[in-house]
There are 4 protein chains.
Amino acid sequence: MRHKDDSKREAITNAAIELITTAGFADTSMSKIAKAANVSPATIYVYFENKEDLLNQLYLMVKREFSEAMLAGFHDSLSVEAGFKLIWENSCRYMLAQPTRFAFSEQFANSPLVNRVSREEGSGYYQPVFSVFERGKREGIFKDISLDLSIAFFYAPLMLLVKQHYSGDIVFDRELQQIVFEITWDALTI
Amino acid sequence: MRHKDDSKREAITNAAIELITTAGFADTSMSKIAKAANVSPATIYVYFENKEDLLNQLYLMVKREFSEAMLAGFHDSLSVEAGFKLIWENSCRYMLAQPTRFAFSEQFANSPLVNRVSREEGSGYYQPVFSVFERGKREGIFKDISLDLSIAFFYAPLMLLVKQHYSGDIVFDRELQQIVFEITWDALTI
Amino acid sequence: MRHKDDSKREAITNAAIELITTAGFADTSMSKIAKAANVSPATIYVYFENKEDLLNQLYLMVKREFSEAMLAGFHDSLSVEAGFKLIWENSCRYMLAQPTRFAFSEQFANSPLVNRVSREEGSGYYQPVFSVFERGKREGIFKDISLDLSIAFFYAPLMLLVKQHYSGDIVFDRELQQIVFEITWDALTI
Amino acid sequence: MRHKDDSKREAITNAAIELITTAGFADTSMSKIAKAANVSPATIYVYFENKEDLLNQLYLMVKREFSEAMLAGFHDSLSVEAGFKLIWENSCRYMLAQPTRFAFSEQFANSPLVNRVSREEGSGYYQPVFSVFERGKREGIFKDISLDLSIAFFYAPLMLLVKQHYSGDIVFDRELQQIVFEITWDALTI
DNA sequence: CATGAATGAGCCTTCATTCAT
DNA sequence: AATGAATGAAGGCTCATTCAT
């Protein structure tokens, strides 16, 4: 009996993310993925149940990668300020370093193709971020607003700017990043 | 000779927006649109070149509607504060009143299916908003940051919260709106 | 607008019956049918909902053709003997003249692929045969047995022999037909 | 070296007959058979050349089982009447007791998937039945008709009625069996 | 202008079979 | 002998678009 070949699985996921990001999910056929991964179309079905399952697994993979990058170097002994800045900069750096992953993630942020289960599992990765905000509120540093609001002002402008960076509308360099971080801090702190 | 029938055109666009918003662009076939609009598939091609052209025209239509709603009651004699608040509230009200339009707009905000031309024409509608920000900077009310940054903090959190409102994660009522407006003001003013 | 083309529908049904009879339903692909009918695969779906619907419509068509042939020249004023013989001979003649239709009919006599509705509509065509048996019983000519039994002895041996004729095991000529008819008569009459 | 494992072979054949009878040959994949038999798909190919070979071996197996049941208790010293009745009742009893085997047998009675060789080998099992008919003719009990005709009137109505019994159209109980036997006897005897 | 018929291309998926262990 | 991985071929069906009226 042959063993399952991890390199095949990886070739498939890489090809899939690349193609889906470029052309969209609907215009990325299983055949095209197979061809790009140097594999038979049928082989994809050895590793994934169907096209939707493939997408959901990719989504979780990308989300996990992102959350890991975002939390690199983070631990609870950090001060709120330090932790907040670390997470913001990790996020920013990763988004700028991984155009494909970022674009993929954006594309399915609100897609009905990603099922509830995957989405919930995906959002579970952000737990540590939530705690920083809670601590910041308790310590009287942050405004006393709901978590959802905090997240909205923390991530939404950043992500929009990264998108504009990729579309060539702006150059999101270190200097600009610093400014954005300061506005964000301004917005959320008392 | 009969002229092109505006009621037919409208039936098609309405059906298309509704279906595309609900099921996604790829899963909305021209036949389904035709059926929903009580029209033959071939008739769609009398009014639109092809599926992509249809999408681009829908996109522009929705963008224009939104910009009109957003600028209702606005004129240059308003103070920066008044104009800023008017535009923010108009935007917020419209997004909450027009779920379908809003969802449609979001769906294609970053889609490669909407071509550069349409996107640029669409963003042209926002000129008056830009001037308010410029005036605010000149008058020393707003921070001296680029337009893109201003827009990012003005719209991105708002839109994210509206999305969460529609997905049922939060209730974006008047009280919350007031808070969000204040944070936004905080973020952008000196 | 083009009109639906009856010659296309007919080409499809003929090709389908021919192929299905020869190779079986499962081994007859829609593409093969299309090719044999000189038509695009998609065209079949203009006339039939799907492969199963095609089969059911073919089944009904063949059943109706058979029942019409079987009842040719029949009317109620005929005596039981005359009517019985007419129907038997019509049946026999048609089965031997239409190998393809006969084989097709046999193939789906007990197939779950033909749905209940089609089957019931199909068996409705045999009403006049049933009345002859009823009359025969009332007039004291036939044994007092249920309709199902009568039908079983009337048709089953005949059909088996026709099959053997086609498979080359026997030659079902006029002489043999006469003998079979007599045995059948013997079996059913008092 | 291990020997081929008879219990595996049996598991495969049982699973295959069950599945094929229920779902049809075309809709029974080798994988499904393998799964039902708790075996790898590749293992089936240790025992059978390919799917068609599997079918032919199943066909022969079922035919042999049926002929054995049909001839249980039969020996040449029985009178024609006794032998005839024994075979008829054995056949009837077996068909009613073994729905799956009966259905399987019927399904491939006229299928092009069973090859000529298997079919001929299968029909060889009926030799003793043939001799009874021959003796009956020689002894002046049966009509002087060909073997094929005798078989046709002996089996065809019976099998049709069993099918109707299974489909729920009739209840083929002892009483009805007795009647059918009598009609059969009537039909075949002088 | 308006339309239903017609279509070739392509999609997702399954399958019988072979491979490599 | 036994097996799970791997695969090329094929299947049913849908679609955006064009045709012919």
Side-chain angles (χ1 to χ4, degrees), chain A residues 1-6 8-9 12 26-34 38-54, chain B residues 1-5 8-9 12 26-35 38-54, chain C residues 1-6 8-9 12 26-35 38-54, chain D residues 1-5 8-9 26-35 38-54:
Chain A
M1 181 198 70
R2 252 184 263 184
H3 286 97
K4 256 189 193 170
D5 188 344
D6 262 6
K8 276 206 164 67
R9 194 180 208 284
I12 293 169
D27 288 333
T28 300
S29 71
M30 296 299 259
S31 306
K32 279 182 201 156
I33 296 173
N38 259 110
V39 141
S40 160
T43 303
I44 302 182
Y45 291 85
V46 173
Y47 295 90
F48 304 93
E49 258 181 61
N50 51 39
K51 204 187 176 191
E52 198 188 321
D53 178 51
L54 168 60
Chain B
M1 186 196 73
R2 250 180 299 168
H3 284 91
K4 282 190 188 178
D5 185 341
K8 277 207 162 66
R9 193 178 210 286
I12 293 168
D27 287 335
T28 300
S29 70
M30 296 298 260
S31 304
K32 279 182 202 154
I33 295 172
K35 193 164 292 172
N38 261 111
V39 141
S40 160
T43 303
I44 302 181
Y45 289 85
V46 173
Y47 296 91
F48 304 93
E49 259 181 61
N50 50 38
K51 206 187 177 190
E52 198 189 319
D53 177 50
L54 168 60
Chain C
M1 185 197 67
R2 253 183 262 183
H3 284 98
K4 257 190 191 169
D5 187 343
D6 262 7
K8 276 207 164 66
R9 194 179 209 285
I12 293 169
D27 288 334
T28 300
S29 71
M30 296 299 260
S31 305
K32 279 182 201 155
I33 295 173
K35 197 162 290 172
N38 258 110
V39 141
S40 160
T43 302
I44 302 181
Y45 291 86
V46 173
Y47 295 90
F48 304 92
E49 259 181 61
N50 50 40
K51 205 187 176 191
E52 198 188 321
D53 177 50
L54 168 59
Chain D
M1 186 196 75
R2 249 178 300 169
H3 283 91
K4 281 190 188 178
D5 184 343
K8 278 207 162 64
R9 193 179 210 286
D27 287 335
T28 300
S29 70
M30 296 297 260
S31 303
K32 278 182 202 155
I33 296 172
K35 193 163 292 173
N38 261 111
V39 141
S40 160
T43 304
I44 302 181
Y45 290 85
V46 173
Y47 296 91
F48 304 93
E49 259 180 62
N50 51 38
K51 205 185 176 190
E52 198 189 320
D53 177 50
L54 168 60

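Quick note on labels: first sequence line is chain A, next is B, and so on, each numbered from 1.
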*If you look at every strand shown and take non-hydrogen atoms under 4.0 Å, does C/Tyr47 touch a base, only sugar-phosphate, or nothing?*
sugar-phosphate

In whole Å, I'd like the distance from the [atom1] atom of [X] to the [atom2] atom of [N].
X	N	atom1	atom2	result
A/Phe48	F/dT7	CZ	C1'	17 Å
A/Ile33	E/dC12	CD1	P	8 Å
D/Leu54	E/dC15	CG	C1'	15 Å
D/Ile44	F/dA1	CD1	P	16 Å
C/Lys35	E/dT7	NZ	C1'	15 Å
D/Asp53	E/dT17	CG	P	10 Å

*Quick one: pull up CD in B/Glu49 and CG in B/Asp53 and give me the separation to the nearest 0.5 Å.*
5.0 Å

*Nearest 0.5 Å, what's the CD1-OG1 distance between D/Ile33 and D/Thr28?*
6.0 Å

*Reading nucleotides 8-13 of chain F from the 5' end, what letters show protein touch, with B for base, S for backbone sugar-phosphate only, - for no heavy atom under 4.0 Å?*
B--SSB

*What heavy-atom pair brings B/Asn50 and B/Met30 nearest, and what distance separates the two atoms?*
C-CE, 4.3 Å

*Which pair of heavy atoms, one from A/Asp27 and one from A/Lys32, lies closest together, and at what distance?*
O-NZ, 3.1 Å

*asked:* Quick check: on DNA chain E, is the nucleotide nearest A/His3 upstream (toward 5') of the one nearest C/Asn38, or the reverse? Name the residue that is more 5'.
replied: C/Asn38

Side chains of residues 41-48 of chain A: which donor-acceptor pairs under 3.5 Å do they make with residues two or more places apart or in other chains?
from	atom 1	to	atom 2	distance (Å)
A/Thr43	OG1	A/Ser40	O	3.4
A/Tyr47	OH	A/Asp5	N	3.1
A/Tyr47	OH	A/Asp5	O	3.3

*Which string of ( ) [ ] | and . matches DNA chain F, if you list each base 5' to 3' and count Watson-Crick or G-U pairs only when both distances are under 3.5 Å?*
.||||||||||||||||||||

